[in-house]
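For reference, positions follow the sequence shown, starting with 1. Reckoned from all heavy atoms, side chains included, excluding hydrogens, waters and symmetry mates.
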Amino acid sequence: NTYNSKLIKKIQLTNTVFEFQFEKPAHFNFIPGQFVQVHIPNQDKSITRAYSIYTQPTDMYLGLCIHIIPSGKGSEYFFNLPEGDFIKFSQAKGHFISKNIQTNQIFIATGVGLAAIYPIIKQLLHTNLKQNIQLLFGVRNTTDIFWLDKLEDLKKNHNNFNFTITLSQNKDERCIYKTGRVTKHIEDFIEKSSHYFICGSPQMIKDIRKQLIESNISMEQIHFEIF
């Protein structure tokens with residue numbers, strides 16, 4: 001199945017991260033954490049690129065959050081896409097979704113990996129989950145932080161949610177956030193019975209998984225999505 005959808009709103013969140021809000025097609029279903037494959041025009045054919053849906057199924061629009069990479073085919077296409085234009089995409093795919101877990105859950109995201117993780121956290125909190133949910137979110141600098149308002153909002157409304165931001169390339173000594181990569185701080189979050197949801201670059205996921213396994217966390221407790 002393929003769908004066509006009109007871009008309603010385009011919002012720049014950081015120098016390189018944009019939020020795109022599209023009309024939600026009729027009968028388009030998805031589970032928070034899933035992605036769509038967007039058809040990108042490329043000369044006389046099209047190529048596909050996968051992007052996570054950051055909105056909830058109950059939202060009025062369909063949201064994608066995209067990191068614009070210089071000379072990337074998908075990046076170029078979205079960067080130049082004007083409001084009012086249409087995109088073509090697949091049905092929702094992916095298994096990086098909320099599991100029926102009765103223990104605390106730790107989410108680790110770097111960059112736009114948050115686009116897959118944020119909707120899962122939001123869904124869990126809105127189901128009045130009693131367990132604790134923690135997010136470790138890594139970006140390079142303060143200028144790369146996005147959705148701080150959304151995270152603060154979830155924290156304000158849910159006592160069982162907390163988040164930590166860490167900056168891998170911070171130069172500001174007065175910075176209120178942690179510094180270093182997420183791998184430097186994961187040890188503070190390790191609990192034997194918790195489940196871990198990781199989304200980001202292949203290397204980050206590999207490193208975090210290694211640390212978790214060395215801390216005797218079983219593979220069944222580790223869920224990941226490579227960006």
Side-chain angles (χ1 to χ4, degrees), residues 17 30-37 49-54 65 67 69 92-125 127 129-141 144-148 150-151 154-155 158-170 175 177-227:
V17 176
F30 68 95
I31 302 166
Q34 288 190 310
F35 63 87
V36 290
Q37 287 185 309
R49 292 289 183 269
Y51 298 103
S52 290
I53 303 164
Y54 74 80
C65 179
H67 179 210
I69 304 161
K93 300 176 180 184
H95 304 289
F96 188 71
I97 56 174
S98 169
K99 320 291 181 196
N100 188 18
I101 296 163
Q102 304 304 316
T103 65
N104 292 342
Q105 296 175 52
I106 317 292
F107 291 82
I108 302 108
T110 51
V112 290
L114 186 60
I117 276 176
Y118 171 74
I120 301 175
I121 292 175
K122 192 173 178 182
Q123 177 197 32
L124 288 169
L125 291 172
T127 57
L129 186 86
K130 298 293 181 282
Q131 289 79 19
N132 289 328
I133 293 177
Q134 294 192 75
L135 167 66
L136 177 59
F137 178 36
V139 291
R140 289 178 179 173
N141 296 294
D144 298 312
I145 297 169
F146 61 94
W147 288 352
L148 188 58
K150 292 183 190 293
L151 298 176
L154 289 180
K155 184 178 173 179
H158 302 277
N159 294 333
N160 58 336
F161 173 68
N162 206 351
F163 68 92
T164 301
I165 293 175
T166 185
L167 310 175
S168 62
Q169 295 179 15
N170 176 54
C175 179
Y177 303 109
K178 289 190 181 292
T179 57
R181 297 179 181 276
V182 289
T183 44
K184 180 182 170 185
H185 301 289
I186 186 63
E187 286 176 8
D188 301 337
F189 294 84
I190 293 174
E191 299 168 349
K192 288 285 183 282
S193 62
S194 294
H195 274 246
Y196 299 82
F197 290 78
I198 319 163
C199 191
S201 69
Q203 190 59 52
M204 182 278 278
I205 291 171
K206 187 180 170 188
D207 293 342
I208 293 281
R209 282 178 71 202
K210 184 171 181 282
Q211 285 176 276
L212 292 174
I213 291 162
E214 284 172 358
S215 300
N216 297 317
I217 302 297
S218 76
M219 289 299 290
E220 288 73 37
Q221 290 166 258
I222 304 170
H223 318 274
F224 62 92
E225 179 91 297
I226 294 169
F227 248 63

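Residue Phe163 holds its CZ atom at 5.0 Å from CG of Leu151, rounded to the nearest 0.5 Å. How far CZ of Phe197 is from CD1 of Ile97: 9.0 Å, rounded to the nearest 0.5 Å. Here the OG1-CD1 distance, from Thr166 to Ile186, works out to 11.5 Å after rounding to the nearest 0.5 Å. With rounding to the nearest 0.5 angstrom, the OH atom of Tyr54 is 5.5 Å from the NZ atom of Lys150. Once rounded to the nearest 0.5 Å, the distance linking CG of Leu135 with CZ of Phe189 reads 8.0 Å. For the atom pair CG of Leu212 and CD of Glu187, the computed distance is 10.0 Å after rounding to the nearest 0.5 Å.
In this structure, the side chains of Tyr177 and Ile145 come closer than 4.5 Å at one or more pairs of heavy atoms. When side chains are defined from C-beta on, Gln134 does not count as touching Leu136, because their heavy atoms never get closer than 4.5 Å. Annotation: side chain of Ile213 is in contact with side chain of Met219 (closest heavy-atom distance under 4.5 Å). Side-chain contact between Leu148 and Ile165 is present, with heavy atoms from C-beta onward closer than 4.5 Å.
Between the side chain of Asp207 and the backbone N or O of Met204 there is no donor-acceptor pair closer than 3.5 Å. Although no hydrogens or angles enter the test, the distance criterion places a donor-acceptor pair under 3.5 Å between the side chain of Gln34 and the main chain of Gly94.
Around the CG atom of Asn159, the shell of radius 6.0 Å holds no more than 12 heavy atoms that belong to other residues, nucleotides or ligands. The environment of Arg181 atom CZ is sparse: at most 12 non-hydrogen atoms of other residues, nucleotides or ligands sit within 6.0 angstrom.
Evaluated for a side chain to side chain donor-acceptor pair (under 3.5 Å) with His195, the options Gln131, Lys99, His223, Gln102 yield exactly one hit, His223.
The shortest non-hydrogen separation linking Ser193 to Thr103 is O-OG1, 3.1 Å. Contact detail for Ile190 and Tyr196: the closest heavy-atom pair is CA-OH, 3.3 Å. Heavy atoms only, all atoms of each residue included: Lys122 and Leu154 are closest at CG-CD2, 4.2 Å. For Leu129 against Asn160, the heavy-atom pair with the smallest separation is O-ND2, 2.8 Å. The heavy-atom pair separating Val36 from Ile53 by the smallest distance is CG1-CD1, 3.9 Å.
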Test side-chain contact (heavy atoms from CB on, under 4.5 Å) applied to His185 and Thr164, step by step: CA-CA 9 Å; His185 301 289; Thr164 301; 5.9 Å; no
- request: Would you please test Val182 and Ile198 for side-chain contact (heavy atoms from CB on, under 4.5 Å) and show each step?
  value: CA-CA 11 Å; Val182 289; Ile198 319 163; over 6 Å; no
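Each salt bridge (charged side-chain N to carboxylate O under 4.0 Å, His left out) pair with one or both residues in residues 209-220, not counting sequence neighbours, appears once here: Lys210-Glu214.
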Please tabulate, one pair per line, all N/O donor-acceptor pairs under 3.5 Å involving side-chain atoms of residues 104-121, not counting sequence neighbours.
unit_1: Asn104; atom_1: OD1; unit_2: Asn132; atom_2: N; d: 2.9
unit_1: Asn104; atom_1: ND2; unit_2: Glu191; atom_2: OE1; d: 3.3

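In summary, the aromatic rings of Trp147 and Phe137 are positioned with their centroids too far apart to meet the 6.0 Å limit.
The side chain to side chain donor-acceptor pair (under 3.5 Å) check on Gln221 picks up Ser218, with sequence neighbours excluded.
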